[in-house]
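Report on one structure; see the data block that follows.
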Amino acid sequence: MMKNIGIIIELDNGKIKETNFGMITLARAKDTELFAVVMDADAASVKEDLELFGITKIVEVCLSKDQQANPVVRAKVIINVIKAYNICAVFGLSTATGKDLLPRIAAFLEASLVMDCYAVDLEQNLVKTSQYSGKTIATIKVTGDVLVFGVRPNAVEPVKAQASARIVKLKLDESNLVAKGFRVIKTSEVDESTNINLVEADVIIAGGRGMKNGDNFTILSKCAEKLNAAVGASRVAVDAGWVPYSMQVGQTGEKVSPMVYIACGISGSVQHFAGMKTSGMVIAINTDGNASIMSNCDYYVKADALEIIPELIKHLEND
């Protein structure tokens with residue numbers, strides 16, 4: 001029996017985030033039809049990209065700017081899609097947006113929810129996610145008419161599967177979208193055009209105690225610009241007030257899975273390692289040869305990051 005799978009597409013300035021493609025790859029399975037839900041752009045503008053990864057239906061939902069900013073409205077839109085197209089499973093990214101949206105959908109539907117997962121078996125309804133600071137892998141059996149999954153960005157390698165997609169426009173019952181008890185007090189526009197999202201970055205360069213102060217993080221920022229990378233930090237750097245919490249990687253920060261993770265002056269505690277252990281390649285720069293990060297990396301340099309990174313920047317500028 002064919003299963004209809006809903007996939008919530010996240011966009012950035014009208015373009016599909018690359019991390020969507022790994023999620024779509026994970027959602028593809030035998031006897032499934034993939035419905036991509038687009039709420040923030042013209043579906044025709046993303047149709048070709050979605051077809052490359054096996055999407056056969058694109059549900060276009062037109063929302064006003066105020067509606068787009070309201071997570072309750074967005075959750076109710078997805079519920080409308082689920083009911084209209086008999087969706088049995090919903091996939092979204094475990095990003096800040098996904099963490100705001102997916103639990104609301106599950107709560108409204110009283111549905112099973114697993115966040116930060118990296119493997120899903122839709123035939124047996126089994127899902128895998130890490131627990132206890134990444135020390136163990138939990139395989140969870142989920143049940144229910146609708147299942148909701150938050151997929152860890154970059155956890156699945158995108159694999160193309162050319163398809164032909166049809167765009168359908170969902171007509172919404174506006175009265176059903178009212179978010180009772182929800183009021184927008186203040187909104188502000190944040191220019192993130194020059195920043196790469198930490199959770200979705202392919203390359204991350206992160207600093208810890210060895211950076212010595214907040215001003216030295218500008219060195220990492222300069223290097224990140226050359227590498228098209230995001231800048232992260234350990235909890236020590238955040239607690240010291242050198243950088244904002246949004247940059248923290250670790251058990252109490254962001255869980256990341258970049259292709260390359262460069263740890264600068266980071267000791268590599270269990271709590272920090274829990275947040276970046278699924279990185280493709282780990283490179284450590286530390287003056288302490290006995291630091292935990294040195295035994296949990298692919299390559300290391302026993303040196304001061306404040307000396308190594310400026311030299312790396314020079315080489316990158318000359319290339």
Taking atom types as modelled and ignoring hydrogens, do the side chains of R152 and T129 form a donor-acceptor contact shorter than 3.5 angstrom?
no
So do L102 and F149 actually touch side chain to side chain, heavy atoms under 4.5 Å?
no
According to a hydrophobic-cluster definition based on side-chain heavy atoms being under 4.5 Å apart (Ile, Leu, Val, Met, Phe, Trp, Tyr only), do I266 and V238 belong together?
no
Drop me the distance from L220's CG to I309's CD1, to the nearest 0.5 angstrom.
6.0 Å
Examine distances only and state if a side-chain atom of T25 and a backbone atom of V159 form a donor-acceptor pair shorter than 3.5 Å.
yes
Taking a hydrophobic cluster as the set of Ile, Leu, Val, Met, Phe, Trp and Tyr residues connected by side-chain heavy atoms closer than 4.5 Å, whether directly or through intermediates, do I8 and V61 fall within one such cluster?
yes
Salt-bridge present (K222, E225; N to O < 4.0 Å)
no
So, taking the atom named OG1 in T287 and the one named CG in D304, what distance separates them when rounded to the nearest 0.5 Å?
6.5 Å
Side-chain (D298) to main-chain (V282) donor-acceptor, under 3.5 angstrom
yes
Identify the two heavy atoms, one from L198 and one from S246, that lie closest to each other, and give their separation to 0.1 Å.
CD2-O, 3.7 Å
Donor-acceptor pair, side chain of S257 and main chain of N154, under 3.5 angstrom
no
side-chain contact (heavy atoms from CB on, under 4.5 Å) between L122 and I5, intermediate numbers included:
CA-CA 10 Å; L122 290 173; I5 309 301; 3.8 Å; yes
Closest non-hydrogen atoms of L11 and D40, given as atom of the first, atom of the second and distance, are CD1-CB, 4.2 Å
May I ask you to decide whether K17 forms a salt bridge with E200, counting only side-chain N to carboxylate O separations under 4.0 Å?
yes
Give the cluster check for V59 versus L63: same hydrophobic cluster or not, with ILVMFWY residues linked at side-chain heavy-atom distances below 4.5 Å.
yes
Rounded to the nearest 0.5 Å, what's the gap from NZ on K169 to CD1 on I58? Could you check?
12.0 Å
Are V81 and V72 joined in one hydrophobic group, where the rule is that I, L, V, M, F, W and Y side chains link up if heavy atoms are under 4.5 Å apart?
yes
Measure the shortest side-chain to side-chain distance between I137 and Y118 over non-hydrogen atoms and say whether it is less than 4.5 angstrom.
yes
Mind checking whether I7 and M23 have side chains closer than 4.5 Å, heavy atoms only?
yes
Side-chain heavy-atom pair I204, V231 within 4.5 angstrom cut-off:
no
Give a yes or no answer on whether the side chain of H272 reaches the backbone of V249 with a donor-acceptor pair at less than 3.5 Å.
yes
More than 12 heavy atoms of other residues, nucleotides or ligands under 6.0 Å from NZ of K314: yes or no?
no
Do the non-hydrogen side-chain atoms of E18 and I16 ever get within less than 4.5 Å of each other?
no
Look only at the side chain of Q248 and the backbone of A233, and say whether a donor-acceptor pair between them is shorter than 3.5 Å.
no
Keeping the roles fixed (side chain from K141, backbone from Q124), state whether a donor-acceptor pair exists under 3.5 Å.
yes
Decide yes or no on side-chain contact (heavy atoms from CB on, under 4.5 Å) for L34 and F91, but give the supporting numbers first.
CA-CA 10 Å; L34 304 183; F91 286 74; over 6 Å; no
V151, V146: one ILVMFWY side-chain cluster at the under-4.5 Å cut-off?
no
Check whether N216 reaches the backbone of L306 with its side chain - one donor and one acceptor, N or O, closer than 3.5 Å.
no
Is any side-chain heavy atom of V120 closer than 4.5 Å to a side-chain heavy atom of L147?
no
Determine whether a donor-acceptor pair (N or O, by modelled atom type, separation under 3.5 Å) exists between the side chain of D12 and the backbone of K15.
no
Under the criterion side-chain contact (heavy atoms from CB on, under 4.5 Å), I'd like the reasoning laid out for L227 against L316: C-alpha separation, chi angles, the key distance, then a yes or no.
CA-CA 8 Å; L227 295 172; L316 292 171; 3.8 Å; yes
How long is the span from the CZ atom in F35 to the CG atom in L170, to the nearest 0.5 Å?
11.5 Å
Minimal non-hydrogen separation, S112 against T143, with atom names
OG-O, 2.6 Å
Does Q162, at its CD atom, have more than 12 non-hydrogen atoms belonging to other residues, nucleotides or ligands within less than 6.0 Å?
yes
How long is the span from the SG atom in C223 to the CD1 atom in I313, to the nearest 0.5 Å?
5.0 Å
From L312 atom CG to I262 atom CD1, the distance as rounded to the nearest 0.5 Å:
7.0 Å
P71 versus L101, closest heavy-atom pair with distance
O-CD1, 3.8 Å
For residues E307 and E311, report the shortest heavy-atom separation together with the two atoms involved.
O-CG, 3.4 Å
Electrostatic pair D116-K99, nearest N-O below 4.0 angstrom
no
For I24, does its backbone N or O pair with a side-chain atom of R28 as donor and acceptor, under 3.5 Å?
no
Between V203 and P258, is there a side-chain heavy-atom distance shorter than 4.5 Å?
no
Can a side-chain donor-acceptor contact be found between E10 and T95 if the only test is distance below 3.5 angstrom?
yes
Note: N4 and N86 closest approach over all heavy atoms is CB-O, 3.6 Å
Evaluate the ring planes of F53 and F21, with Trp represented by its six-membered ring, and classify them as parallel (under 30°), tilted (30 to 60°) or perpendicular (over 60°).
parallel
Please test I9 against V37 for side-chain contact (heavy atoms from CB on, under 4.5 Å), starting from the C-alpha separation and ending with a verdict.
CA-CA 6 Å; I9 302 298; V37 185; 5.9 Å; no
Under 4.5 Å between any side-chain heavy atoms of Y85 and V168, yes or no?
yes
Between S45 (side chain only) and A41 (backbone N and O only), is there a donor and an acceptor less than 3.5 Å apart?
no
Are the charged groups of E33 and K57 less than 4.0 angstrom apart, N to O?
yes
How about CD on E110, more than 12 heavy atoms from neighbouring residues, nucleotides or ligands closer than 6.0 Å, or not?
no
According to the side-chain hydrogen bond (donor to acceptor under 3.5 Å, both in side chains) rule, which pairs have a member within residues 227-238, sequence neighbours left out?
R235-D239
